[in-house]
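Chain naming here is simple, since letters A, B, ... match the order of the sequence lines and numbering starts at 1 in each.
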Amino acid sequence: MQVRIDGKEIELPAHASYADAARAAGVQDALAARSGGEIRELARPLADEGGIEVLTFADPDGRMVFHHTSTHVMAQAVRRIYPDVRLAIGPADADGFFYDMELSHQLVPEDFAAIEAEMAKIAAENYPVVREVISRQAAIELFSSLGETYKLEIIQRLPEDAQISIYRQGEFVDLCRGPHLASTGPVQAVKLLSVAGAYWAGDESRSMLQRVYGTSFPSAAGLEAHLSMLEEAKRRDHRRLGRELELFTFHDVAPGFAFWQPNGTIVYHELEEFSREVQARYGYQEVMTPWIFRPDLWQTSGHWGHYKQNMFVVESEDEVVALKPMNCPGHCLMYSETVRSYRDLPIKFAEYGPLSRFERSGTLHGLLRVRGFHQDDAHIFLREDQIGSGIAEVLEIIGVIYGTFGLQYRVELSTRPEEFLGEIELWNRAEAELGAALDRAGLPYRVNEGDGAFYGPKVDVHVIDALGRNWQCATVQLDFQFPLRFDLEYRDQDGKAKRPVMVHRAIFGSIERFLGILVEHFAGAFPTWLAPQQTRVLPVADRHAAYAQQVAAGLRALGLRVGSDLRDEKLGYKIRQAQTDKVPYLLVVGDREAAEGSVSVRARGEQASRTLPQAVFAQALQHEARGRALALGAHLVEAEA
RNA sequence: GCUGACGUAGCUCAGUCGGUAGAGCACCUGCAUGGUAAGCAGGAGGUCCCGAGUUCAAAUCUCGGCGUCAGCUCCA
């Protein structure tokens, strides 16, 4: 028969398999195939179809199949070593796989080597992975005899008409939907990464299983590359860099709250100032509102009913009060204090004040998940006819802000959750407005059904960092509820009272969190405008100290952040330290420079240096910092020319 | 919150069998006056997370608490 494989027409005998097809197409390392969006196992016979694609490890679906079989190999190895294991679920995940299991032995990382060795044996033994479809009754009998109670529970949960498949490899059998590799042989390079608890069926009230995470590759080289990427992520960990660069610290007595060290405070303020500057251009008005309120406010806003478990509630003078987790109720109050005209709208209140949310202890994570933080928060009150332009403007600001950091981003639209306030019709309208604004902005987006806030649908923006990781940052939430609950009004053209619409939005999200993401994105090497110290003067010997101080003073007078290293150390030592401190520009000054009033400039990460007159360097640095340039040196090259 | 691991000098970590603690870096002092990623020598630095218990004796063993880490759950 004639089959189109990866775009080429190829003649194959009748009853050929996908493996035959891959071979005929000359693909050596085929893992599976894809046809009409479905993944097909290599051992299966070709179905009657238009065209197929051969999947290798380069394809995400191919990788998924590979990792899926890998986790079966791991389960088989664990069973050989710990026969009392009971298996729950074992899927592929983004970069590897995991298996949830119950066993009497508490696994520790020291056990991994033995399991990996057994996995290598299973790969070398190269068992065919055989799929069988069996009846529900046969499946129940099989897994009962094996004592696999979790598998029995899975079978019971399957719909009546579900096809039940099992996969065998050697002595091992597992309930599984597949798809899988044709044999265990390709699972050559494996690394188990961690073991942690995971609830059975993701249910907090059920038993806790042991989840073993691992990753695997067809070749040792691929595994090595992946492991060094993980190492790189570790090197960039903002908690580590935060301490090394003296940006922030945490203390046992204030879990979930950062101490901002002098260096970190500079970066923090630069971010806040940047936001302030951009938003002022768009007509935002900055405000400051109380951070402790009586429950009345939270009752009006609905937080008392829906969010209280996340709020810090304190007692004072026999009265209960609560720290604000969000600014919106305060801004609504502020809006309602005056009679508003249709001419005033949109009104845009921005606030950078402190927010507190009670987060469960196990969820805290450096700056990325804290209890005390600040947002580049704003609430926009607008007329219904301004919704489209209002949302479009926010999307524009997002582009301006993320562009400055060189961050790519992607967008998601989250719709009505199960627990919600208000009428379904209002929700539908709000969701439609957001979708339309995204379409007009030309931003492709994914829909997250049921993931919206309790008061309205939202657009979430995920930034993509230098390592390709995604972080949820900006959020834009349309809200018909708060105006209703706070009875907000404006006088329309006809003199009648009308209800405004509200937009909640933050671009960084939490400034703390965004800063943490930036630390990892830049690996601590901030662009000049964000760098705590933008330049550092290094005298060659102590007789050059006076000139060094003069150079530093001159730069400081221009508003630049400059340090000087006057210690009795050799130049190489000071340079090394300045590089590890990730200072953008080092200025070496010795006899030559002192004599001609120049500085020898060495940019971060470079070996070469160039000598420039003091004033020329100062001006270039000033331009670079003021312009919030992403890369180092553009103005320097200009200055030299 | 749950499961597991961990908590020793400012940082990274070692500490055997239960016998009162160590290294490197950083810091301080002295020598060296130096030209683009670590000069040499010396010194100081400890509530071994906190609290109980076992023991003649606890960094070490047991229990409880706090915190951190990996994950789960949660995340307007």
Quick test: give all pairs of protein nitrogen or oxygen and nucleotides 68-74 of chain B nitrogen or oxygen below 3.5 Å, distance rounded to 0.1 Å.
{"unit_1": "rC69(B)", "atom_1": "OP1", "unit_2": "R239(A)", "atom_2": "NH1", "d": "3.0"}
{"unit_1": "rA70(B)", "atom_1": "OP1", "unit_2": "R239(A)", "atom_2": "NH2", "d": "3.0"}
{"unit_1": "rA70(B)", "atom_1": "OP2", "unit_2": "R239(A)", "atom_2": "NH1", "d": "3.4"}
{"unit_1": "rA70(B)", "atom_1": "OP2", "unit_2": "H365(A)", "atom_2": "ND1", "d": "3.4"}
{"unit_1": "rG71(B)", "atom_1": "O3'", "unit_2": "Y213(A)", "atom_2": "OH", "d": "2.9"}
{"unit_1": "rG71(B)", "atom_1": "O2'", "unit_2": "G197(A)", "atom_2": "O", "d": "3.3"}
{"unit_1": "rG71(B)", "atom_1": "N3", "unit_2": "G197(A)", "atom_2": "O", "d": "3.4"}
{"unit_1": "rC72(B)", "atom_1": "O4'", "unit_2": "G197(A)", "atom_2": "O", "d": "3.3"}
{"unit_1": "rC72(B)", "atom_1": "O2'", "unit_2": "Y199(A)", "atom_2": "N", "d": "3.1"}
{"unit_1": "rU73(B)", "atom_1": "O2'", "unit_2": "E204(A)", "atom_2": "OE1", "d": "2.6"}
{"unit_1": "rU73(B)", "atom_1": "O2", "unit_2": "R360(A)", "atom_2": "NH1", "d": "3.0"}
{"unit_1": "rC74(B)", "atom_1": "O2", "unit_2": "R369(A)", "atom_2": "NH2", "d": "3.0"}

When you compare the protein's N or O atoms with those of nucleotides 41-46 of chain B, which come within less than 3.5 Å of each other, and at what distance?
none

Spatial distance of atom CZ (R240(A)) from atom CG (D237(A)) [nearest 0.5 Å]: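 The distance works out to 8.0 Å.
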
Looking for any heavy atom pair under 4.0 Å, which part of the strands does [X] touch: base, sugar-phosphate only, or nothing?
| X | answer |
| --- | --- |
| E593(A) | base |
| Q607(A) | sugar-phosphate |
| Q375(A) | base |
| R567(A) | sugar-phosphate |
| Q579(A) | base |
| T475(A) | nothing |

Check: rA38(B) base within 3.5 Å donor-acceptor of Y573(A) side chain: no

Distance-only check: which donor-acceptor pairs under 3.5 Å involve side-chain atoms of residues 480-487 of chain A, not counting sequence neighbours?
{"unit_1": "Q481(A)", "atom_1": "NE2", "unit_2": "L421(A)", "atom_2": "O", "d": "3.3"}
{"unit_1": "R485(A)", "atom_1": "NE", "unit_2": "T300(A)", "atom_2": "O", "d": "2.6"}
{"unit_1": "R485(A)", "atom_1": "NE", "unit_2": "S301(A)", "atom_2": "O", "d": "3.4"}
{"unit_1": "R485(A)", "atom_1": "NH2", "unit_2": "Q299(A)", "atom_2": "O", "d": "3.3"}
{"unit_1": "R485(A)", "atom_1": "NH2", "unit_2": "T300(A)", "atom_2": "O", "d": "3.4"}
{"unit_1": "D487(A)", "atom_1": "OD1", "unit_2": "R499(A)", "atom_2": "NH1", "d": "2.9"}

Complementary nucleotide for rG43(B) - Watson-Crick or wobble, under 3.5 Å: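 Answer to the pairing question: rC27(B), which forms a Watson-Crick or G-U pair with rG43(B).
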
Y585(A) side chain to G633(A) backbone, donor-acceptor under 3.5 Å: yes

Parallel, tilted or perpendicular, as decided by the 30° and 60° cut-offs, for the rings of H72(A) and Y99(A):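 Rings of Y99(A) and H72(A): tilted, 30 to 60°.
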
Residues forming a side chain to side chain contact (heavy atoms under 4.5 Å, CB included) with Y335(A), sequence neighbours excluded: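 By the side chain to side chain contact (heavy atoms under 4.5 Å, CB included) rule, Y335(A) matches R340(A), L345(A), I347(A), F349(A), F381(A), L488(A), Y490(A), P500(A).
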
Protein-nucleotides 11-13 of chain B N/O pairs closer than 3.5 Å?
{"unit_1": "rC11(B)", "atom_1": "O3'", "unit_2": "R243(A)", "atom_2": "NE", "d": "3.4"}
{"unit_1": "rU12(B)", "atom_1": "OP1", "unit_2": "R243(A)", "atom_2": "NH2", "d": "2.9"}

Toward the 5' end of RNA chain B, by each residue's nearest nucleotide, L571(A) or D451(A): L571(A)

Results of side chain to side chain donor-acceptor pair (under 3.5 Å) for N263(A) - residues two or more places apart only: none

Gap between atoms CH2 and C1', on W471(A) and rC75(B) respectively (whole Å):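 To the nearest whole Å, that distance equals 15 Å.
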
